[in-house]
S.K.: 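Here it is: the structure, laid out below.
Proteins get letters first, then strands, A, B, ... in listed order; numbering begins at 1 in each. The structure displayed is predicted, hence computed values, not measured ones.
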Protein chains: 2
Amino acid sequence: MKYLDQFDEIDHRILRALQRDASLSHAALAEEVGASPASCWRRIKALEGAGVLGPAVRLVNAAKVGRGVSVMCQLRMKTHATKDRQEFEAFIQTRGEIMDCHSMSGEWDYLLRVVVADVASYERFLMRELLAHPAVAAAASHFALSQVKYTTALPI
Amino acid sequence: MKYLDQFDEIDHRILRALQRDASLSHAALAEEVGASPASCWRRIKALEGAGVLGPAVRLVNAAKVGRGVSVMCQLRMKTHATKDRQEFEAFIQTRGEIMDCHSMSGEWDYLLRVVVADVASYERFLMRELLAHPAVAAAASHFALSQVKYTTALPI
DNA sequence: CAAAAAATGAAATACCTTGATCAGTTCGAT
DNA sequence: ATCGAACTGATCAAGGTATTTCATTTTTTG
């Protein structure tokens, strides 16, 4: 099997197409990218094997399931000890309302995107979960007024 | 057809399962959520029709396609005129490296998540695209050191 | 330039999936 | 308690799909 150290134009088209619509059949995909279904199948397998192509997921409308409010929350930690960091990052994984968490450069240690039903829910989450966590020193919350863009498709 | 003003436990399980794995067949899904394939199919159609269940997309490993660096960029606008805002938000849609954009409360107008290959690429993007835009007054960039969590699955 | 390796397209098959039908059942309203 | 609407599970036909094989073409390597 070829070693995927770089992608050709067909690979790029496959990645673009599947990022947009994971439900495309190999036949439909083949027509779109200009290759045969068999070739597409082999390329997809190679891309999956190389860890480039990840899982297929279904997107859900946040507002319609009562998660219409996004809050960006910056956190500063009390300590930067490895053990505390690991414990905190493990805690992050367990909280479903935390969609993303990045470790940041600058004066704040982490930036979280939290989805909640309303402001009251966020207040509760902030007070009881985040600020109550022993490793957290301070938090600054910024509410999203609207979502101008949201995509999972990387530019390829 | 039933009016989806609320979901029962089976709907919740379906949404959770499809958020995790969009490639599940109706048969596999049925077994997982404890219903018949036919019932799953009808519920999925209803959820799609109600706009709850969105598209199936394939996730791609950002680092492996040369987009391993995420930067959070806060922007302040020169003006808040409707026309300028609309024009800027349309511009946002055209730039593939901008994954998310939220209109924010607080002292910054927008928060963007930008994915680039490296710091040099970001510098170029910031200078030539964002700061060069006529509606943008100022920007503050924060680099993500690592991605602690990233999910598309809302808590349901 | 020649040989080897790798990728390609076409074809074929067995499987699986979707989506519809129908009789029975649950649930809510009166 | 009774009626009716809505939902359910089982079944099934038609169609499409994934995956393999093989001969051919393209690319790489020596």
Side-chain angles (χ1 to χ4, degrees), chain A residues 1-61 63-66 152-156, chain B residues 1-61 63-66 152-156:
Chain A
M1 179 186 289
K2 93 175 160 189
Y3 180 63
L4 275 168
D5 51 354
Q6 58 186 15
F7 318 120
D8 64 13
E9 181 55 28
I10 302 275
D11 288 319
H12 284 183
R13 290 192 197 133
I14 289 174
L15 291 173
R16 276 196 293 267
L18 291 181
Q19 281 195 119
R20 174 168 41 80
D21 182 2
S23 70
L24 287 169
S25 70
H26 294 153
L29 185 62
E31 186 174 9
E32 178 167 341
V33 306
S36 68
S39 184
C40 279
W41 181 82
R42 284 183 292 252
R43 285 167 179 269
I44 288 173
K45 288 296 163 196
L47 290 166
E48 288 173 348
V52 179
L53 204 41
V57 302
R58 199 80 191 254
L59 302 182
V60 166
N61 185 322
K64 305 229 175 184
V65 293
T152 56
L154 296 162
I156 294 178
Chain B
M1 178 187 291
K2 95 175 158 187
Y3 179 63
L4 274 170
D5 51 355
Q6 57 186 14
F7 318 119
D8 64 12
E9 180 56 28
I10 303 276
D11 289 319
H12 284 183
R13 290 192 197 135
I14 289 175
L15 291 174
R16 276 197 292 268
L18 291 181
Q19 281 195 119
R20 174 168 42 79
D21 182 1
S23 70
L24 288 169
S25 70
H26 294 155
L29 184 62
E31 188 173 9
E32 178 166 341
V33 307
S36 69
S39 183
C40 279
W41 180 80
R42 283 185 293 252
R43 285 166 179 270
I44 288 172
K45 287 298 161 195
L47 290 166
E48 287 173 349
V52 179
L53 205 40
V57 302
R58 199 79 191 253
L59 301 182
V60 166
N61 184 322
K64 303 229 176 185
V65 294
T152 55
L154 297 160
I156 294 177

S.K.: Taking the side chain from R58(A) and the backbone from L15(B), do they hold a donor-acceptor pair closer than 3.5 Å?
M.R.: no
S.K.: Here's a test for you: under side-chain contact (heavy atoms from CB on, under 4.5 Å), which of I10(A), L24(A), V33(A), L18(A) qualifies with C40(A)?
M.R.: V33(A)
S.K.: Starting from P on dG9(C), measure out to CD1 on I10(A) and report it in whole angstrom.
M.R.: 8 Å
S.K.: Is there a donor on the side chain of R42(B) or the base of dG9(D) sitting less than 3.5 Å from an acceptor on the other?
M.R.: yes
S.K.: Quick one: K45(A) NZ to dT17(D) P, roughly how many Å, whole number?
M.R.: 16 Å
S.K.: Between R43(B) and D8(B), is the side-chain contact (heavy atoms from CB on, under 4.5 Å) condition met? List the steps.
M.R.: CA-CA 11 Å; R43(B) 285 166 179 270; D8(B) 64 12; 2.9 Å; yes
S.K.: Is any side-chain heavy atom of V57(B) closer than 4.5 Å to one of D21(A)?
M.R.: no
S.K.: Rounded to whole angstrom units, what separation is found between the CG atom of D11(B) and the C1' atom of dA6(D)?
M.R.: 14 Å
S.K.: Tell me whether the OP1 or OP2 atom of dG19(C) has a side-chain N or O from W41(B) closer than 4.0 Å.
M.R.: yes
S.K.: Could you state the CG-P distance from D8(A) to dT8(C), rounded to the nearest angstrom?
M.R.: 7 Å
S.K.: Can you see if the side chain of H26(B) gets near the phosphate of dT17(C) - specifically, an N or O under 4.0 Å from OP1 or OP2?
M.R.: no
S.K.: From C-beta outward on A35(A), which listed nucleotide comes closest to its side chain: dT8(D), dG9(C), dT18(C)?
M.R.: dG9(C)
S.K.: OP1 or OP2 of dA10(C) sitting under 4.0 Å from any side-chain N/O of S36(A)?
M.R.: no
S.K.: Write down the distance between CD1 (I44(B)) and P (dT18(C)), rounded to a whole number of angstrom.
M.R.: 8 Å
S.K.: Pick the nucleotide of DNA chain D nearest each of L24(A) and A38(B); which residue has the one closer to the 5' end?
M.R.: A38(B)
